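As structure tokens, the structure follows; a few thoughts come after it.
Protein chains get the first letters and strands the later ones, always in sequence-line order, with residue 1 at the start of each. The structure displayed is predicted, hence computed values, not measured ones.
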There are 2 protein chains.
Amino acid sequence: MVRYYTRIGLLKPRAQQENGYRLFASQDAQRLRFIRLAKRLGFTLSEIREITEHADHGKSPCGKVRRIIQDRIKENRAKIEAMLTLQNRMEEALKTWESMPDGVPDGDHVCHLIESFESDDDPDR
Amino acid sequence: MVRYYTRIGLLKPRAQQENGYRLFASQDAQRLRFIRLAKRLGFTLSEIREITEHADHGKSPCGKVRRIIQDRIKENRAKIEAMLTLQNRMEEALKTWESMPDGVPDGDHVCHLIESFESDDDPDR
DNA sequence: GCTTGACCTGTGAGTTACGCACAGGTTGTA
DNA sequence: TACAACCTGTGCGTAACTCACAGGTCAAGC
């Protein structure tokens with residue numbers, strides 16, 4: 001993970017020693033801690049990059065931070081609802097299938113269990 | 001999407017016509033409908049490929065289908081819980097930040113809003 | 001001094017389910 | 001015959017890593 005962050009330029013270890021090994025100073029460790037905190041709060045790596053670059057230029061990233069997390073809360077709510085919908089669909093399917101036997105496929109059908117949901121209203125046509 | 005499914009071999013249009021256009025027979029349309037139903041039920045494309053290949057060899061995929069969806073229900077439950085945890089964390093952060101002013105970054109700190117969560121118990125180390 | 005094994009390095013590729021762009025071929029219409 | 005509106009395959013980009021690889025470095029033991 002540290003290798004990856006270094007690769008994409010999110011971490012910049014202070015120096016290559018003459019043996020080729022990277023040297024991480026305490027500031028680098030602090031930066032890594034920051035990244036992990038931000039990730040825990042739902043920030044993506046590219047957002048974190050924006051934030052740290054902003055800060056590295058001496059500008060306060062706090063406004064950006066507040067805005068991002070507000071958006072993220074909304075996005076997340078939508079995702080959670082979609083996943084709950086899916087969960088209900090899966091559970092319903094499993095229950096329906098309890099009373100159905102396995103079938104053998106023919107040219108027209110792949111799996112009648114799945115195809116039994118054919119008539120359900122499908123949002124995308 | 002159809003182009004993509006054809007590319008990865010999930011859809012196999014019956015023939016190339018002599019003008020180079022693909023010809024989708026009704027079986028292909030049926031196959032596409034199957035794919036979309038399965039996706040709606042939480043199956044991934046590679047699972048769908050396994051299922052259809054199984055069926056194309058005349059073997060019943062129903063057992064596999066039941067097993068996959070049972071696993072998926074468990075996975076999904078875990079994911080939903082993780083997202084709810086995240087959602088709580090984000091909302092808590094936003095609330096905490098309401099009473100905090102923006103700050104200017106210095107060498108040691110990037111954004112004090114985010115760093116104010118430093119002391120929270122972090123599962124990974 | 002030499003060998004071994006445990007470290008470290010950068011980099012390429014794979015993961016999911018597409019979307020977009022590109023260069024080029026085909027078709028129908030004015 | 002010009003042109004727009006289709007179609008084709010293919011390559012690249014997405015997020016956040018992980019794995020594998022080939023090779024360099026270091027400490028310990030013989």
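Side-chain contact check for A:Arg33 and A:Gln30: at least one donor-acceptor pair (N or O, by modelled atom type) lies under 3.5 Å. No hydrogens or angles considered: a donor-acceptor pair under 3.5 Å links the side chains of A:Arg14 and A:Gln27.
Judged by atom type and distance alone, A:Arg22 does not reach the base of C:dG10 through any side-chain donor-acceptor pair under 3.5 Å. Side-chain to base pairing of B:Arg3 with D:dG9: one donor and one acceptor N or O lie within less than 3.5 Å of each other.
Residue B:Trp97 comes nearest to A:Arg66 through the heavy atom pair O-NH1, 2.9 Å, listed as atom of the first residue, atom of the second, then distance. Contact detail for A:Asp28 and A:Leu23: the closest heavy-atom pair is OD2-O, 3.9 Å.
Distance, B:Leu23 CG to C:dT26 C1': 16 Å, rounded to whole Å. C:dT16 atom C1' lies 13 Å from atom CG of B:Leu10, rounded to whole Å. Distance A:Leu45 CG to D:dG13 P: 18 Å, rounded to the nearest Å. Rounding to whole angstrom units, CZ of residue A:Phe24 and P of C:dT9 are separated by 7 Å. Between the OH atom of B:Tyr4 and the P atom of D:dC7 there is a distance of 21 Å, given to the nearest Å. B:Met1 places its CE atom 17 Å from the C1' atom of D:dC7, with the value rounded to the nearest Å. The CZ atom of A:Arg7 sits 11 Å away from the P atom of D:dT18 (whole-angstrom rounding). The nearest whole Å value for the distance from the CD atom in B:Glu47 to the P atom in C:dT15 is 15 Å.
If you check D:dA16, D:dC26, C:dA17 against the side chain of A:Tyr21, the one that comes closest is D:dC26.
Checking B:Gly20 against A:Thr6, the closest nucleotide of DNA chain C that is more toward the 5' end is the one next to A:Thr6.
With rounding to the nearest 0.5 Å, the separation of CG in B:Leu11 from OG1 in B:Thr6 is 5.0 Å.
Phosphate proximity of C:dC18 to B:Lys39: present, with a side-chain N or O under 4.0 Å from OP1 or OP2. B:Asn19 has a side-chain polar atom (N or O) that falls below the 4.0 Å cut-off from OP1 or OP2 of C:dT27.
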